[in-house]
Amino acid sequence: MTEKNEHLLEVRDLAVEYHTDEEIVYAVNNISFALKEGTTFGIVGETGAGKTTTALSILRLLPDRTARVTSGSITACGNDILNASEAEMLRIRGKKISMIFQDPMTSLNPIITVGDQILEALSLHNTENLSSKQLAERVDKSLEMVGILPSRKKDYPHQFSGGMKQRVVIAIALACEPELLIADEPTTALDVTIQAQVLAMMNELKERLGTSMILITHDLGVVAQTCDDVCVMYAGEIVEIGTVDNIFNASRHHPYTNGLFGSIPNLKVDTPRLSPIAGLMPDPTNLPKGCKFSPRCPKCMDICKEKPPVYFEDGGHKILCHFCA
């Protein structure tokens, strides 16, 4: 383990493209961020912002035939991810870095019992040479950790509700007690009550196991409850990054971040309607020349359409915007 508060993960100038026979999708465009040990880092943005591609890059799970990492570096848990061999990555995935994928309904194998799916993860990383009995005990412990009776380990995924399936997915991800957990919209497919239960459970387990976490979401309310630091992504770029206090309480924000706040219902204020962000995310095969948000920005200036902005920084709070500079 690294010393407390050192960076467990560093992503520097990462760029990822998807190549097809006809075009190139510019999915992630030179992003940089770092995660301290024991903290939670939130990644926020609309669908298509590049959040999941960033997460898959950290685990080197991008599709080989179409994806290209064109620049940058990723250092995680003391490993150079982009230059590691596949054998090294097999030792890292699940043991040092685990991921909770978006949809619990499709993350589990329907023809294998949930107990055997947890056992598979434990067996692949059985560096302690545990016996079959000890591994079975670890399966029971993993299920108990997420609030499922060990007697249900012989059940199949279809015998569980959506919330219970998500608990099983979390049990698999945490079975080997990884240093870093990547949670890709872990509550999107769940109703509000179950969302709250799953998030509370994840936070409790994170504290108990000392696991660091990247939480990918489009819900700023979830970020406020769970994250220490957060970045806002738009069209493959980080347009704003800072502590949760920076993002929620600073006097200035990126116009896109302001738009996200305007889309949140406020029960304390008598406003008849929400304030949605006008327009759509730009075509990732043909991004705007200047600021990527300029076609939708209410504060757009001539320079925004022609020249890419640089970061304005104030005490660790960084905003990629001409208007804020």
Side-chain angles (χ1 to χ4, degrees), residues 8 38 40 52 55-56 58-59 61 77 90-191 193-217 222 225-226:
L8 185 70
T40 299
T52 297
L56 294 176
I58 295 170
L59 274 171
L61 290 176
C77 305
L90 288 174
R91 290 192 290 269
I92 291 169
R93 297 186 194 113
K95 181 62 176 177
K96 291 189 175 183
I97 309 173
S98 283
M99 186 166 177
I100 301 171
F101 295 92
Q102 281 191 21
D103 186 2
M105 310 303 174
T106 58
S107 296
L108 297 170
N109 190 322
I111 61 172
I112 300 177
T113 65
V114 298
D116 282 345
Q117 293 187 58
I118 298 172
L119 179 62
E120 180 182 21
L122 291 167
S123 299
L124 286 172
H125 299 286
N126 187 15
T127 55
E128 303 171 45
N129 294 318
L130 300 177
S131 66
S132 297
K133 181 180 178 181
Q134 290 172 316
L135 286 172
E137 290 172 351
R138 290 281 292 271
V139 170
D140 293 349
K141 180 182 175 182
S142 296
L143 287 170
E144 288 176 338
M145 183 173 62
V146 296
I148 298 176
L149 293 174
S151 59
R152 300 209 61 187
K153 66 183 178 183
K154 294 184 179 180
D155 290 346
Y156 291 86
H158 73 271
Q159 295 174 278
F160 291 82
S161 66
M164 293 292 275
K165 286 178 185 176
Q166 189 62 288
R167 288 171 181 264
V168 173
V169 170
I170 294 170
I172 294 171
L174 293 176
C176 298
E177 300 186 1
E179 296 178 48
L180 173 60
L181 175 66
I182 302 172
D184 188 2
E185 300 191 21
T187 60
T188 297
L190 308 177
D191 63 63
T193 303
I194 302 301
Q195 280 186 34
Q197 293 176 3
V198 170
L199 287 170
M201 181 189 67
M202 287 175 60
N203 280 329
E204 191 274 328
L205 293 174
K206 171 182 168 291
E207 294 297 323
R208 190 198 309 175
L209 301 176
T211 302
S212 305
M213 183 163 68
I214 293 176
L215 178 64
I216 298 172
T217 182
V222 170
Q225 295 174 18
T226 59

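Between atom CE of residue Met213 and atom OG of residue Ser98 there is a gap of 13.0 Å, rounded to the nearest 0.5 Å. Between Met99 atom CE and Ile172 atom CD1 the span is 14.0 Å, to the nearest 0.5 Å. We find the CD1-OG distance between Ile170 and Ser107 to be 11.0 Å, quoted to the nearest 0.5 Å. With values rounded to the nearest 0.5 angstrom, Leu130 atom CG is found 4.5 Å from Asn126 atom CG. In this structure, CG in Leu59 is found 4.5 Å from CD1 in Ile182, a value given to the nearest 0.5 Å. Atom CE of Met202 sits about 5.5 Å away from atom CG of Leu181, to the nearest 0.5 Å.
Counting only residues at least two apart or in different chains, salt bridge (Lys or Arg N to Asp or Glu O under 4.0 Å) contacts with residues 197-206 comprise Glu204-Arg208. Listed by first and then second residue, the salt bridge (Lys or Arg N to Asp or Glu O under 4.0 Å) pairs involving residues 91-101 are Glu86-Arg93 (not counting sequence neighbours).
Of all the heavy atoms in Gly94 and Pro178, the pair that sits closest is O-CB, 4.2 Å. Pairing each heavy atom of Arg138 with each of Ala175, the nearest pair is NH2-O, 3.6 Å. Considering every non-hydrogen atom in both Ala171 and Ser142, the closest pair reads CB-O, 3.8 Å.
Taking Gln134 as the reference, Ser131 meet the side-chain hydrogen bond (donor to acceptor under 3.5 Å, both in side chains) condition, with sequence neighbours excluded. The side-chain hydrogen bond (donor to acceptor under 3.5 Å, both in side chains) search around Thr52 returns Gln102, Asp184, not counting sequence neighbours. Annotation: side-chain hydrogen bond (donor to acceptor under 3.5 Å, both in side chains) contacts of Ser132 (sequence neighbours excluded): none. In this structure Ser212 satisfies the side-chain contact (heavy atoms from CB on, under 4.5 Å) test together with Leu8, Leu35, Glu37, Leu180, sequence neighbours excluded.
With a 4.5 Å cut-off on side-chain heavy atoms, Asn203 and Gln225 do not count as touching.
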Distance-only check: which donor-acceptor pairs under 3.5 Å involve side-chain atoms of residues 110-123, not counting sequence neighbours?
{"from": "Thr113", "atom 1": "OG1", "to": "Asp116", "atom 2": "N", "distance (Å)": "3.3"}
{"from": "Thr113", "atom 1": "OG1", "to": "Asp116", "atom 2": "OD2", "distance (Å)": "3.3"}
{"from": "Gln117", "atom 1": "OE1", "to": "Asn109", "atom 2": "N", "distance (Å)": "3.0"}
{"from": "Gln117", "atom 1": "NE2", "to": "Asn109", "atom 2": "O", "distance (Å)": "2.9"}
{"from": "Gln117", "atom 1": "NE2", "to": "Ile112", "atom 2": "O", "distance (Å)": "2.8"}
{"from": "Ser123", "atom 1": "OG", "to": "Leu119", "atom 2": "O", "distance (Å)": "2.9"}

Please list every donor-acceptor pair under 3.5 Å in which a side-chain atom of residues 143-158 meets a protein atom from a residue at least two apart or in another chain.
{"from": "Arg152", "atom 1": "NE", "to": "Asp155", "atom 2": "OD2", "distance (Å)": "2.8"}
{"from": "Arg152", "atom 1": "NH2", "to": "Asp155", "atom 2": "OD2", "distance (Å)": "3.3"}
{"from": "Arg152", "atom 1": "NH2", "to": "Gln159", "atom 2": "O", "distance (Å)": "2.9"}
{"from": "Lys153", "atom 1": "NZ", "to": "Asp140", "atom 2": "OD1", "distance (Å)": "3.1"}

